[in-house]
Amino acid sequence: MAKISASVYTSHVPAIGAAIDLKKTGEAYWQPLFAGYEYSKEWMKENTPDVIFLVYNDHATAFSLDMIPTFAIGTAAEFIPADEGYGPRPVPKVIGHPELASHIAQSVIQDDFDLTIVNKMEVDHGLTVPLSLMFGEPDAWPCKVIPFAVNVVQYPVPSGRRCFQLGQAIRKAVACFDDDIKVQIWGTGGMSHQLQGARAGLLNREWDNAFLDRLIADPAGLSEVPHIEYVREAGSEGIELVMWLIARGAMSDIQGGPAPTVKHRFYHIPASNTAVGHLILENN
């Protein structure tokens, strides 16, 4: 049977993708950030899954204000990097896993979560930057990827509690997929940042690290944090962190298993005008 082997959490700052693509990773500004992912790239070489279920948010690329799904699962065989106004990133196309994606959709919808099924879409930096951080610059991504887009751009957005519950439903779906494969679930976006208004440029190191502490040790309690706290403490775009709760909800300890092993934790400010957080948890 399929099994979720680990969860990975990371910011997906677009400027990080630009730094990689323009060969600026060794510059003084960027080197400390990319150094924080060196362990992760080595870990991935030893722990490459068959499939990554990658939770991210679209940035008005696949979806516009004309149609805003709360939760959307990509069921296509492949996904092309999007042109976000400066040309597509020079990264490989993403190869999907239609069978597992369709199975998860069937199971999760039967568990009363209303997903939007997407058979064709382009993927933006929200998905490709995490892949670049963890895999570097390969000719092809070394595993299949199921994109799972969450609306954290246009209110109303889903609660942390709902995201945490959805993660549990995803774990249940993966566990009953009749194929012996390893799956990782990734939560991306955040950490604290605000891109507009009087508080543009807001960063909150203390709150971000407290979030990481609770994500590890008290995810159920963390899931009860209201939207207003994210906005007040982590900025308007800090609400992206609810997506990390989907990945955390899919770990075995939430259903009574042993606590996960923290393999890596990293925090850095700033990257462009964003705080960067990163965590790897292995299931036990």
Side-chain angles (χ1 to χ4, degrees), residues 8-42 44 52 54-64 74 78-95 121-142 145 147-150 152-153 186-197 199-203 205 208 234-241 243-244 264 266-279:
V8 174
Y9 311 81
T10 183
S11 303
H12 60 212
V13 185
I16 293 175
I20 295 170
D21 301 341
L22 298 174
K23 312 301 181 186
K24 295 184 177 183
T25 59
E27 293 184 359
Y29 179 87
W30 289 109
Q31 196 279 329
L33 182 142
F34 288 104
Y37 286 84
E38 287 303 313
Y39 172 88
S40 304
K41 289 192 288 187
E42 292 302 312
M44 282 301 303
I52 294 168
L54 202 154
V55 183
Y56 73 109
N57 65 287
D58 177 75
H59 301 80
T61 300
F63 309 110
S64 70
E78 63 180 39
F79 306 89
I80 305 301
D83 182 347
E84 299 181 63
Y86 41 85
R89 288 193 63 216
V91 296
K93 65 183 177 182
V94 172
I95 304 302
M121 69 175 173
E122 297 181 347
V123 290
D124 66 17
H125 72 268
L127 183 137
T128 63
V129 165
L131 291 174
S132 296
L133 284 167
M134 298 298 291
F135 292 117
E137 299 178 86
D139 293 331
W141 302 122
V145 178
F148 191 84
V150 180
V152 288
V153 175
W186 293 14
T188 73
M191 295 194 88
S192 62
H193 62 301
Q194 180 153 327
L195 303 180
Q196 71 287 308
R199 298 198 305 163
L202 178 147
L203 300 173
R205 180 191 295 268
D208 287 340
S236 54
E237 279 67 45
I239 192 61
E240 291 178 353
L241 286 167
M243 295 188 291
W244 294 28
H264 187 52
F266 173 67
Y267 183 80
H268 175 78
I269 55 173
S272 182
N273 55 357
T274 305
V276 172
H278 175 41
L279 190 66

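Atoms considered below: every heavy atom in the structure, side chains included; atoms not considered: hydrogens, waters and symmetry mates. Numbering starts at 1 and runs along the sequence shown.
- Annotation: salt bridge (Lys or Arg N to Asp or Glu O under 4.0 Å) contacts of K24 (sequence neighbours excluded): none.
- Side chains of E84 and H59: no donor on one and acceptor on the other come within 3.5 Å.
- Closest approach of G235 to L202, counting heavy atoms only: N-CD2, 3.7 Å.
- Taking 4.5 Å as the limit, every side-chain heavy atom of P92 sits out of range of all side-chain heavy atoms of F135.
- When atom types are taken as modelled, the side chain of H193 and the backbone of T274 share no donor-acceptor pair closer than 3.5 angstrom.
- Between M121 and P147, the closest heavy-atom pair is CE-CB, 3.6 Å.
- No side-chain donor from either of R205 and S192 sits under 3.5 Å from a side-chain acceptor of the other.
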**Request:** Just do the side-chain contact (heavy atoms from CB on, under 4.5 Å) check on V8 and L279 with the steps written out, would you?
**Result:** CA-CA 6 Å; V8 174; L279 190 66; over 6 Å; no
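- Between G189 and M243, the shortest heavy-atom distance links the atoms CA-CE, 4.3 Å.
- Listed here is the closest heavy atom pair of E122 and D83: OE1-N, 4.2 Å.
- A ring-centre distance under 6.0 Å is found for H278 and Y37.
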**Message:** Using side chain to side chain donor-acceptor pair (under 3.5 Å), reason through Q196 and S236 one step at a time and then give a plain yes or no.
**Reply:** CA-CA 8 Å; Q196 71 287 308; S236 54; 2.7 Å; yes
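- Counting heavy atoms from C-beta outward, V150 and V55 have side chains that approach closer than 4.5 Å.
- Residues V91 and S132 have side chains in contact (heavy-atom distance under 4.5 Å, counting atoms from C-beta outward).
- Within the 4.5 Å cutoff, the side chain of V153 has heavy atoms near those of the N57 side chain.
- Not a single donor-acceptor pair under 3.5 Å links the side chain of S64 to the backbone N or O of A60.
- Between atom CD of residue E27 and atom CG of residue L33 there is a gap of 13.0 Å, rounded to the nearest 0.5 Å.
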**Asked** Could you walk me through whether K41 and Y39 pass the side-chain contact (heavy atoms from CB on, under 4.5 Å) check?
**Response** CA-CA 6 Å; K41 289 192 288 187; Y39 172 88; over 6 Å; no
**Request:** Output, in order, the C-alpha distance, side-chain angles, deciding distance and verdict of side-chain contact (heavy atoms from CB on, under 4.5 Å) for N273 and Q194.
**Result:** CA-CA 8 Å; N273 55 357; Q194 180 153 327; over 6 Å; no
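- Looking at heavy atoms from C-beta onward, Y56 lies out of side-chain contact with F148 at the 4.5 angstrom threshold.
- Atom CG of L133 and atom CE of M44 lie 12.0 Å apart (nearest 0.5 Å).
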**Derivation and outcome, side-chain contact (heavy atoms from CB on, under 4.5 Å), residues I52 and L131** = CA-CA 10 Å; I52 294 168; L131 291 174; 4.2 Å; yes
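- Judged by distance alone, the side chain of D58 and the main-chain N or O of A149 form no donor-acceptor pair under 3.5 Å.
- Counting all heavy atoms, side chain and backbone alike, P81 lies closest to K93 at CD-CA, 3.9 Å.
- Put simply, CG on L203 and CE on M191 are 11.5 Å apart, with the number rounded to the nearest 0.5 Å.
- Of all non-hydrogen atoms in S11 and G190, the two that sit nearest each other are OG-O, 2.7 Å.
- Looking only at side-chain heavy atoms (C-beta outward), T188 and Y9 stay at 4.5 Å or farther from each other.
- In this structure, CH2 on W186 lies 8.5 Å from OG1 on T10, to the nearest 0.5 angstrom.
- Using a distance-only test at 3.5 Å, with no hydrogens or angles considered, no donor-acceptor pair links the side chain of S272 to the main chain of A15.
- At a threshold of 4.0 Å, the pair E137-K23 counts as salt-bridged, since one of the basic side-chain nitrogens sits closer than that to a carboxylate oxygen.
- Expressed to the nearest 0.5 Å, how far CD1 of I95 lies from CZ of F79 amounts to 9.5 Å.
- Between W30 atom CH2 and I20 atom CD1 the span is 9.0 Å, to the nearest 0.5 Å.
- Legend: residues meeting salt bridge (Lys or Arg N to Asp or Glu O under 4.0 Å) with E42, ordered by chain and number and at least two apart, are K45.
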